[in-house]
Colleague: 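I have a structure here, written as structure tokens, and I will follow up with some questions on it.
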Amino acid sequence: MQYWIFKTEPSEFSIEDLKSKGKSGEEWNGIRNFQARNFLRDKVKSGDQVLIYHSSCKEIGVVGLAEVIKEAFIDKLAFDSNSKYYDEKSDPEKPRWYSVQIRWVKTFDKTISLQQIKNDNNLKETFLVKRSRLSVGEINQKQFERFLKFNSL
DNA sequence: GCCAACGTTGGC
DNA sequence: GCCAACGTTGGC
């Protein structure tokens, strides 16, 4: 079991949008950063736990939990010239970008704010603080449990 | 809306 | 393969 944080702008796609997709979940697509892509393509596995983080919004922070229900598959938006995620350099014979499927598990009662994360000795070591441009990143079990504990406080 | 940080591109 | 220029992210 591995633990991840996926970032999203709630004005584009929020945890409530994910919740509305129900058990079949939603494709996590549009990731256009190579390191994040490598995680999605090579490391993220079915059953992995995913914390959802809202960025570029009023209440920045970790807002809930999801889980992976389908491992890496090709992100077809890269081939759609009408999509904002179109990438002319992605060759259908040799796809560049990948998605995974996740489904909503729970929405936290209260957002765990970036400020709280920065103030926590354990959580301040996460990529949310250290590598703020990365949109998909791994956290360890201890950090994951710390997030859940924050929620239950 | 500003701007610092930083990932990506492309010329050499 | 270096690195300057460029574009984007994301907190404030």
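So that the names make sense, note that chain A is the first sequence line, chain B the second, and so on, each numbered from 1.
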Colleague: Need one value for A:S132: base, sugar-phosphate or nothing, where a base atom within 4.0 Å counts as base even if backbone is also close, heavy atoms only.
Modeller: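 Sugar-phosphate contact only - A:S132 comes under 4.0 Å of backbone atoms but never of a base.
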
Colleague: Figure out the NZ/C1' separation between A:K7 and B:dG7, and round it to whole Å.
Modeller: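 That distance rounds to 13 Å.
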
Colleague: Quick one: A:N33 CG to C:dT9 P, roughly how many Å, whole number?
Modeller: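 These atoms are roughly 10 Å apart.
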
Colleague: Ignoring the backbone of A:K89, work out which of B:dG10, C:dT9, B:dT8 is nearest its side chain.
Modeller: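 Within the option list, the nearest is B:dG10.
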
Colleague: How many whole angstroms separate atom CD of A:E88 from atom C1' of B:dT9?
Modeller: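 Distance check: A:E88 CD to B:dT9 C1' gives 12 Å.
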
Colleague: Atom CG in A:L65, atom CZ in A:F144: separation rounded to 0.5 Å?
Modeller: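 Atom-to-atom, A:L65:CG and A:F144:CZ are 5.0 Å apart.
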
Colleague: Ring-plane angle category for A:F6 and A:W28, please: parallel below 30°, perpendicular beyond 60°, tilted otherwise.
Modeller: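 A:F6 and A:W28: tilted rings.
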
Colleague: When you check the gap from the basic side-chain N to the acidic O, do A:R146 and A:D120 get nearer than 4.0 Å?
Modeller: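 Salt bridge: yes.
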
Colleague: Could you measure the distance from the OG1 atom of A:T8 to the NE2 atom of A:H54? Nearest 0.5 Å is fine.
Modeller: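 Spacing of OG1 (A:T8) from NE2 (A:H54) equals 6.0 Å.
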
Colleague: Among C:dG11, C:dG10, B:dT9, find the nucleotide with the atom closest to the side chain of A:L114.
Modeller: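 Given the options C:dG11, C:dG10, B:dT9, the side chain of A:L114 is closest to C:dG11.
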
Colleague: Quick one: do A:D48 and A:K43 make a salt bridge, cutoff under 4.0 Å?
Modeller: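 The answer is no: the pair does not qualify as a salt bridge.
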
Colleague: Regarding A:K58, tell me which of base, sugar-phosphate or nothing describes its non-hydrogen contacts under 4.0 Å with the strands shown.
Modeller: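 Nothing, no heavy atom under 4.0 Å.
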
Colleague: Please pick, from B:dT8, C:dT9, C:dG11, the nucleotide with the shortest atom-to-atom distance to any side-chain atom of A:K118.
Modeller: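 Nearest to the side chain of A:K118 among the choices is C:dG11.
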
Colleague: Which one, C:dG10, B:dG7, B:dT9, comes nearest to the side chain of A:R96?
Modeller: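 Nearest nucleotide to the side chain: B:dT9.
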
Colleague: For the pair made of CD in A:E9 and C1' in C:dG11, what is the distance, rounded to whole Å?
Modeller: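 The distance from CD of A:E9 to C1' of C:dG11 comes to 12 Å, rounded to the nearest Å.
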
Colleague: Would you please confirm or rule out a distance under 4.0 Å between OP1 or OP2 of C:dG11 and any side-chain N or O of A:Y53?
Modeller: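 For A:Y53, the contact criterion (side-chain N or O under 4.0 Å from OP1 or OP2 of C:dG11) is met.
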
Colleague: Within this structure, what is the CZ-to-P distance between A:F127 and B:dG7, rounded to whole angstrom?
Modeller: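 Distance check: A:F127 CZ to B:dG7 P gives 13 Å.
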
Colleague: Rounded to the Å, how far apart are A:K130 NZ and B:dA4 C1'?
Modeller: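 Those two atoms, NZ and C1', are 18 Å apart.
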
Colleague: For the side chain of A:S55, starting at C-beta, report the closest nucleotide among C:dG10, B:dT8, B:dA5.
Modeller: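 For A:S55, the side-chain atoms sit closest to C:dG10.
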
Colleague: Rounded to whole Å, please give me the gap between CD in A:E12 and P in C:dG10.
Modeller: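 Interatomic distance, CD of A:E12 to P of C:dG10: 12 Å.
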
Colleague: Taking only side-chain N and O atoms of A:R131, does any of them lie within less than 4.0 angstrom of OP1 or OP2 on B:dG7?
Modeller: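 Answer yes for this pair, as a side-chain N or O of A:R131 is under 4.0 Å from OP1 or OP2.
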
Colleague: What is the distance, to the nearest angstrom, from the CG atom on A:L134 to the P atom on B:dA5?
Modeller: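 Answer to the nearest Å: 18 Å.
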
